[in-house]
Amino acid sequence: MYYFTAAFFNSKLRCVANLTILKQINRVDNLISLRSVSTQKRTCPLLSVQPVRGLLDEKFQIAVTNLPPNQKVTLHSLHQSDDKDFWEAFGHYVSDEHGSVTGFKDESLGGTYDGTEPMGLLWSMRPIPGSRHGLRIRKRDIFRPMEVRISVYNGHLSQGFSHQAPLATSVTERWYVAPGVKRVNIREKEIRGTLFLPPGSGPYPGVLDLWGVGGDFVEYRSALLASHGFASMALEYLTPEDLSLEDTDASYFEKAYQILNNHPMVKKDHLAVLGLSLGSAITLNMVSYSKVIKPQCCVCISGSHLMPVEKSLSELFELMKNHEDKLCVNEDNQVIYRNLILSLPCQSGKVDVGRIKCPLLLVNGDDDQNFPAVESAEDMAMMMDKAGNRHLLEILTYPDTGHLIEPPYSPHFRATKYKLQWTKERIVMLWGGQTKPHAYAQEDAWKKILAFLWQHLSAP
């Protein structure tokens, strides 16, 4: 557990996009002031959220006291994303005989989550009514926290929170970086990325972090990995300046790997490669064929060996464009991508994972509508069994879990807006998964990924 100083985490929630929400927040602040004056006259409900400041993957505890016994109340969370959209979650509770509600042991009877779910106010978040369609939370400024305003309301509410005065409210900060983590821009030759270094003198085991397609350059997973002791380099490989997709080939990833391996704060030859989605496909290609990329282990989240990167990413996207007739659209006009990837091997062949010589962890959801990750894992297991390296493979498959397996307590995004790489067309992509099991998968997978990395990178 990390403990945070006020000087390091001095921040203020900015809610400027929705005047109704702003009025609610101002009303809450006024009520808090009034209640602080009148505490000698009567006892008011008290809301505690601990820790007030913590890492994103750290659990918090919510407790409400000074309620009447058996009172119906609603716990509500509100967050404004870096894109200025508001997200919320809520659970319905009944106070006990002592007039208390504790989120870590009491059951939610309804809302955006039910049951005993201490972190339900985070992972079940969804856009507030009237929001734009197909939204997704992607943290852009990792040195500002994810700020969540948690409130308790009288009665069991499911809407209209902005028109009600809460009984009590508190703000908690969820950070992607621990104190002392350093951010280093990598601008060496044509390589573009960001290296996050843990506090201290090092050297540290290294992780080359490859995200997928569909958004801006993502740093938050690397920042969180550095907060757990890894020198993690988020590699920009889809939109780097002065570099075209035709130039993004195996040599680009090999140079990035060498930069990380040779950094003075990185323990040489103690590296892993971690990929999600397309990043996983690239990882499998590199560890199978590259004579330069020789990690001690690798982790592939929602990936597939059916996408060969033989020359450049441009050629891969051209190949996929030629198979776009395999894309399916459901009744909600959401695009199902997985059939396109399944159609690729008949023309291009599979990555020969039988050549892999390091431990490999596959993390998949069985409701992945974007990649055929489960089928790929099964086929990879057979290929590696035949090649004699099956003992290196570990597979985690989670039920009712979709494609976007992110750090724990991140909201579940079943379908979001997406830009096709080869046409730049805006679509709504179906990722899959059901909210509660997907949240369980994210929490369990993150713990096992960290344990896997430490197991294979901590040797002298």
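Positions are given from 1, in the same order as the sequence printed here. Values in this document were obtained by computation on a predicted structure and should not be read as measured data.
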key: From CA spacing to verdict: salt bridge (charged side-chain N to carboxylate O under 4.0 Å, His left out), R136, D83   = CA-CA 9 Å; R136 178 179 174 186; D83 293 321; over 6 Å; no

Who are the side chain to side chain contact (heavy atoms under 4.5 Å, CB included) partners of [X], not counting sequence neighbours?
| X | answer |
| --- | --- |
| E378 | V374 |
| R126 | F90, T112 |
| D106 | Y93, V101, T102 |
| Q159 | none |

message = Going by side-chain hydrogen bond (donor to acceptor under 3.5 Å, both in side chains), name the residues that satisfy it together with N370, two or more places apart in sequence or in a different chain.
response = H403

inquiry  = Under 4.0 Å between a side-chain nitrogen and a carboxylate oxygen: does that hold for K139 and D82?
reply    =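 D82 and K139: salt-bridged.
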
key: Donor-acceptor contact present, side-chain H438 to main-chain L404, <3.5 Å   = yes

ask   = Do L122 and L56 come within less than 4.5 Å of each other through their side chains, counting heavy atoms only?
value = no

request  = Please say which of Y220, W123, W446 ends up in a side-chain hydrogen bond (donor to acceptor under 3.5 Å, both in side chains) with E406.
outcome  =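 Output: one option passes, namely Y220.
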
note = A89 and S124 have their tightest heavy-atom pair at CB-OG, 3.4 Å

key: Least distance between heavy atoms, C358 atom then P295 atom   = CB-O, 3.4 Å

task = Apply the test side-chain contact (heavy atoms from CB on, under 4.5 Å) to residues Q442 and Y409: give CA-CA distance (whole Å), side-chain angles for both, the deciding distance (0.1 Å), then the verdict.
result = CA-CA 7 Å; Q442 290 187 149; Y409 318 128; over 6 Å; no

ask   = Rounded to the nearest 0.5 Å, how far apart are CZ of R183 and CG of L197?
value =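 Taking CZ in R183 and CG in L197, the distance rounds to 12.0 Å.
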
request  = Tell me whether the centres of the aromatic rings in Y237 and F253 are closer together than 6.0 Å.
outcome  =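 Between Y237 and F253, the centre distance is under 6.0 Å.
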
remark   = Here the side chain to side chain donor-acceptor pair (under 3.5 Å) pairs for residues 447-460, sequence neighbours left out, are D444-K448

ask   = Should the ring pair W87 and F413 be called parallel, tilted or perpendicular, given that the plane angle runs from 0 to 90° and is split at 30 and 60?
value =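 Answer is perpendicular, since the angle exceeds 60°.
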
